[in-house]
Amino acid sequence: MDTTGKVIKCRAAVLWEAHKPLSIEEIEVAPPKAHEVRIKILATGICRSDDHVVEGAIANQKFPVILGHEAAGIIESVGEGVTSVKPGDKVIPLFLPQCGECRSCVEPKSNLCYKADIGKHFGLMSDNTSRFTCKGQVVHNFICTSTFTEYTVVDEASVVKIHDDAPLDKVCVIGCGFSTGYGSAVNVAKVEAGSTCAVFGLGGIGLSVIIGCKVAGASRIIAIDVNSDKFAKAKELGATECINPKDHENPIHEVLQKMTNGGVHYSFECIGNTEVMVSALRSSHFSAGTTVIVGVAPSFSKVSFEPMLVLTGRTLKGAIFGGYRSKDCVPQLVSDLMSGKYEVDKLLSHKLPFNEINKGFELLRKGESIRTVLHF
Ligand code: CND
Ligand code: ZN
Ligand code: ZN
């Protein structure tokens, strides 16, 4: 049946308010307006950033909302003026858009397109309306994507065509976890061969940082987590040593300083914990070290440290989506995965039917899963 131009009724996981489970509902998805596309989502992963909204850590998110920002699917229909994709194309939705026209998109050093909703959480399309309704109520979107639904509508700047043969249940992780972590190592830190790295937090993001450090040729990759169950996988992916701060009396930065004779070259915070951000900074060499903040800390939280820590020459930086310009880079990341440059299988720990989405969140909270991929 041709659904072009029609409202589609389908299943979606609606979060009516923070601190509640997601609720599987029938929603209506309006057709795409000009420069928008409607996507049939076929696989979507659960990332900690989705859970931050459920936990209420992202304070300004508008409700009700359809979460999800790591996915792959097929274009169902396109709005007027859309030229980069057509119905039937395999695509990845981009939580970090690339409009190609704004100040960031024309600045060679930036990747944070002005169309991005990160930190703003307006949760609406560019005409300030939503394409989702449920029980007569407007439902907001989440960081330009909303993938916990059978169908979603996104701006053309927030979608990119990928290889026709791409395995969607794998490449969905390129929509966030893999690219964010891998890019933080290779683009943001620019890890060099022979260097020493420390990765704090071994979820989907931290493990992807490890993959990036290994591809870059780091000689030591020290993996840190309070959950030692995460160590086996970290080692399989390239960690050379694993440490649990709970096993040490001294602060973790002192342990790392000692282990590395004065600090690591690169440290990465992949948790979203402001104290660990400072530990990561203290773990790096006082003059040659670089620390990358990858984790998302709760809204309004503050990081505090003595300026001397950076005055001596350390670099502190952060990035969204691994510093990648999403439209330019995602198709290549998919092709590199298909040609075996890296593999993501170890990140995809669980697979669940969409209706069991709350179980997927539970697995993440209990530290049992890396990525749960939901299928429809
Ligand atoms: P996930 O929860 O899977 O992993 C976090 C890991 O940190 C777990 O293994 C925890 O056991 C561990 N941990 C928790 N507290 C500590 C601690 N004090 N010391 C050491 N280890 C600890 O999360 P994820 O990998 O899906 O996401 C990680 C962060 O990245 C999270 O904050 C998420 O919101 C953020 C993120 C950033 C971006 C971006 O573009 N920068 C995109 N998506 C997610
Ligand atoms: Zn994410
Ligand atoms: Zn832009």
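Residues take their numbers from the sequence shown, with the count starting at 1. Both ligands and their constituent atoms are indexed starting at 1 by order of listing. It should be emphasised that the depicted structure is a prediction, and the values quoted were computed from it without experimental measurement.
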(message) Regarding S77 and T4, do their side chains bring together a donor and an acceptor under 3.5 Å, going by distance alone?
(response) no
(request) Give a yes or no on whether a salt bridge exists between R220 and E241, defined as a side-chain N under 4.0 angstrom from a carboxylate O. (result) yes
(message) Check for me: within less than 2.8 Å of the Zn ion (ligand 2), which protein N/O/S atoms show up?
(response) C47 SG, H69 NE2, C176 SG
(message) Within rounding of 10°, what is the angle whose vertex is the Zn ion (ligand 3) and whose arms end at SG of C113 and SG of C102?
(response) 120°
(message) Could you work out, with side-chain contact (heavy atoms from CB on, under 4.5 Å) as the rule, every residue matching K109, not counting sequence neighbours?
(response) none
(request) Run through the side-chain heavy atoms of Ile, Leu, Val, Met, Phe, Trp and Tyr, join any pair under 4.5 Å, and report what else lands in V226's cluster. (result) none
(message) Check this for me, if you would: do K359 and E362 make a salt bridge, where the nitrogen-to-carboxylate-oxygen distance has to be below 4.0 angstrom?
(response) no
(request) Would you check if there is a donor-acceptor pair between the side chains of R131 and T129 at a distance under 3.5 Å? (result) yes
(message) Under 4.0 Å between a side-chain nitrogen and a carboxylate oxygen: does that hold for K258 and E254?
(response) no
(request) For S84 and E156, test the side chains for any donor-to-acceptor distance below 3.5 angstrom and give the result as yes or no. (result) yes
(message) Residues around ligand 1, heavy atom under 4.0 Å from any ligand atom, sorted by chain and number. Can you pull those?
(response) C47, R48, S49, H52, F95, C176, T180, G201, L202, G203, G204, I205, D225, V226, N227, K230, C270, I271, G272, N273, V276, V294, G295, V296, A319, I320, F321, L364, R371
(message) Are L207 and V373 connected into the same hydrophobic cluster when the rule is that any two of I, L, V, M, F, W, Y join if their side-chain heavy atoms are below 4.5 Å apart?
(response) yes
(request) Answer with yes or no after comparing the ring centroid distance for Y182 and Y324 against a 6.0 Å cut-off, counting only values under it. (result) no
